[in-house]
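Reckoned from all heavy atoms, side chains included, excluding hydrogens, waters and symmetry mates. Indexing begins at 1, ligand by ligand and atom by atom, following the structure's order. Owing to the predicted nature of the structure, the values given are computational and were not obtained by experimental measurement.
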Amino acid sequence: MRVLITGGAGFIGANFVHHTVAHRPDDSIVVLDAMTYAASESSLDAVRDRIELVVGDVADAALVDKLVADTDIVVHFAAESHNDNSLRDPSPFVQTNLVGTFTLLEAVRRHSVRLHHISTDEVYGDLELDDPQRFTPQTPYRPSSPYSATKAGSDLLVRAWVRSFGVQATISNCSNNYGPYQHIEKFIPRQITNVLSGLRPKLYGAGENVRDWIHVDDHNAAVWTIIDRGRIGDTYLIGADGEANNKQVLETILELMDQPADAYDHVTDRAGHDLRYAIDASKLRTELGWSPQHADLRAGLADTIRWYADNQSWWSGAKDEIEARYARAGQ
Ligand code: NAD
Ligand code: TDX
């Protein structure tokens with residue numbers, strides 16, 4: 001199969017490329033990535049001879065048309081992905097997440113090419129801490145931030161193109177990923193690299209917000225399961241029952257890195273901060289037979305800490321600038 005992977009030089013996309021090279025040796029892979037601040041070409045070093053990397057914008061209609069005409073499936077990861085950035089400047093989020101997805105949809109429609117659209121549980125808004133319910137494919141959309149609103153809009157565009165034009169697409173909404181190659185602006189790598197840099201970790205507010213953590217390899221295995229066996233037009237929720245609050249995750253990181261349990265600062269909370277996300281992935285588990293293979297969060301964090309410690313050259317160049325940006329926001 002010829003696979004076009006948008007956003008393949010970012011965190012989840014690069015791990016998806018590695019997964020695909022390892023598990024599907026006969027597939028040919030083209031990565032389309034605009035190489036924004038969030039991308040890293042070195043994330044693809046180990047597979048560079050197995051892929052073609054096209055540097056370009058998913059909203060570039062002529063380029064996207066040419067690439068889509070020459071592929072069997074598009075797996076669409078490309079997005080602006082960081083909530084905090086979307087609060088500072090929503091404009092690239094609207095452009096990439098909405099206009100980019102629209103551009104791709106028009107191309108797959110023209111060429112009758114299969115699409116898998118990668119999305120997030122944040123489209124469902126948040127839950128109360130004591131709410132027994134979790135998100136299901138029936139949960140109404142109620143996004144909170146400019147980031148999640150543009151992801152919600154992109155999902156709705158995909159659904160409309162399936163219904164109105166018969167586009168062959170599936171959608172997945174996944175919970176918070178962690179693992180190697182994640183940008184150090186995000187919570188877990190920021191705290192790990194702070195400790196490695198001699199800086200104190202930073203917890204927003206009281207740290208009671210709950211995220212449903214999943215290892216990136218489990219997410220990507222689920223994506224291939226949906227591509228291989230999912231029903232066209234359907235939405236699948238991906239999660240690994242990994243709920244933990246931010247304080248618990250940070251304290252685990254500190255313990256694994258031999259730091260005192262209170263060696264961190266409370267900083268200004270995020271505006272509109274979603275309280276809790278929780279995924280019910282039973283449709284994916286029962287209908288498609290997927291289950292997570294890396295559901296032990298503590299073990300996954302230990303591996304991730306080792307990866308950032310062993311790969312300092314991958315992240316150290318960006319550290320000062322990222323921390324300066326956070327400091328300006330009191331975070
Ligand atoms: P990331 O920010 O690490 O990577 C995004 C990639 O997209 C980067 O390589 C970037 O250069 C590229 N990109 C951005 N704008 C582009 C454009 N206009 N044209 C082409 N490429 C462009 O993000 P990530 O965490 O790997 O997330 C990937 C996808 O997964 C996103 O769609 C995100 O919404 C979704 N998702 C992420 C998580 C998570 O926890 N990180 C959870 C659920 C869903
Ligand atoms: O320094 C920090 N301190 C802190 O307490 C940072 C960067 C974050 N946080 C908190 C905010 C969140 O409650 O940690 C939690 C996780 O924050 P992020 O890593 O920014 O992730 P989140 O906002 O939950 O969104 C992530 O998961 C869903 C991804 O970035 C999205 O792309 C995905 O859709």
- Message: Any donor-acceptor pair under 3.5 Å linking the side-chain atoms of Asp269 with those of Gln331?
- Response: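 No, no side-chain donor-acceptor contact under 3.5 Å.
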- Query: With no hydrogens and no angle check, do the side chains of His219 and Asn177 hold a donor and an acceptor under 3.5 Å apart?
  - Reply: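 Yes, a side-chain donor-acceptor pair sits under 3.5 Å.
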What residue and heavy atom of the protein are closest to [atom], and at what distance?
atom	answer
atom 28 (C) of ligand 1	Phe77 O, 3.5 Å
atom 36 (N) of ligand 1	Ile12 CD1, 4.0 Å
atom 40 (O) of ligand 1	Asn177 N, 2.8 Å
atom 21 (N) of ligand 1	Ala34 N, 3.1 Å
atom 32 (O) of ligand 1	Lys151 NZ, 2.6 Å
atom 44 (C) of ligand 1	Ser119 O, 3.1 Å
atom 43 (C) of ligand 1	Cys174 O, 3.3 Å
atom 4 (O) of ligand 1	Gly10 CA, 3.4 Å

Would you mind listing which atoms of ligand 1 come within a distance below 4.0 Å of any non-hydrogen atom of [X]?
X	answer
Asn176	40 (O)
Gly56	19 (N), 20 (C)
Ser81	1 (P), 2 (O), 23 (O)
Thr120	43 (C), 44 (C)
Ala78	7 (O), 20 (C), 21 (N), 22 (C)
Thr36	10 (C), 11 (O), 14 (C), 15 (N)
Ala38	2 (O)
Phe11	3 (O), 4 (O), 25 (O), 26 (O)

- Item | Pro201 and Val195, any side-chain heavy atoms less than 4.5 Å apart |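 Yes, side chains in contact.
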- Query: Would you say His219 has any N or O atom under 3.5 Å from an N or O of ligand 1, going by distance alone?
  - Reply: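 No - when backbone and side-chain N and O of His219 are compared with those of ligand 1, no distance drops under 3.5 Å.
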So, for [X] and [Y], which heavy atoms are closest and what is the spacing to 0.1 Å?
X	Y	result
Arg2	Thr71	O-OG1, 2.9 Å
Leu105	Val158	CD1-N, 3.8 Å
Pro146	Pro90	CB-CB, 3.9 Å
Ile184	Ala318	CD1-C, 4.0 Å

- Query: Should Arg211 and Glu122 count as an ion pair when the cut-off is N to O under 4.0 Å?
  - Reply: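 Here Arg211 does not pair with Glu122 in a salt bridge, since their nearest N and O are not under 4.0 Å apart.
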- In terms of side-chain geometry, is the basic nitrogen of Arg276 or Asp131 positioned less than 4.0 Å from the acidic oxygen of its partner?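 No.
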Axial cation check for [Y] ring with [X], 6.0 Å and 45° limits:
X	Y	value
Arg325	Tyr37	yes
Arg134	Tyr277	no
Lys202	Tyr326	no

- Look at the rings of Tyr181 and His18 and say which category their plane angle falls in: under 30° parallel, 30 to 60° tilted, over 60° perpendicular.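 Because their plane-to-plane angle is under 30°, the rings of Tyr181 and His18 count as parallel.
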- Report the relative orientation of the aromatic rings in His266 and Tyr264; use parallel for angles under 30°, tilted for 30 to 60°, perpendicular for over 60°.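 Rings of His266 and Tyr264: perpendicular, over 60°.
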Give a yes/no on ligand 1: does [X] have at least one heavy atom closer than 4.0 angstrom to it?
X	result
Pro92	no
Met35	yes
Gly8	no
Thr6	no
Gly100	no
Tyr147	yes
Ala9	yes

[X], [atom1] atom: more than 12 neighbouring heavy atoms under 6.0 Å:
X	atom1	answer
Lys319	NZ	yes
Gln259	CD	yes
Glu321	CD	no

- Who gets closest to atom 14 (C) of ligand 1 by heavy atom: Gly7, Ala39, Ala79?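 Looking at heavy atoms only, the winner is Ala79.
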- Message: Among Asn85, Asp33, Val54, Thr96, which one puts a heavy atom closest to atom 12 (C) of ligand 1?
- Response: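 The option holding the nearest heavy atom is Asp33.
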- Message: My understanding is that only residues two or more places apart in sequence, or in another chain, count here; which of them pass side-chain contact (heavy atoms from CB on, under 4.5 Å) with Arg142?
- Response: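 Checked Arg142 against side-chain contact (heavy atoms from CB on, under 4.5 Å); matches are Asp126.
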- Using a 4.0 angstrom limit on heavy atoms, which residues are close to ligand 2?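 Lining ligand 2 at under 4.0 Å, by heavy atoms, one finds Ser81, His82, Asn83, Thr120, Glu122, Tyr147, Asn176, Glu185, Lys186, Phe187, Arg190, Gln191, Lys202, Leu203, Tyr204, Asn209, Arg211, Asn246, Arg270, His273, Tyr277, Tyr326.
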- Query: Do Tyr147 and His82 make the cut of ring centroids closer than 6.0 angstrom?
  - Reply: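 Ring centroids of Tyr147 and His82 are no less than 6.0 Å from each other.
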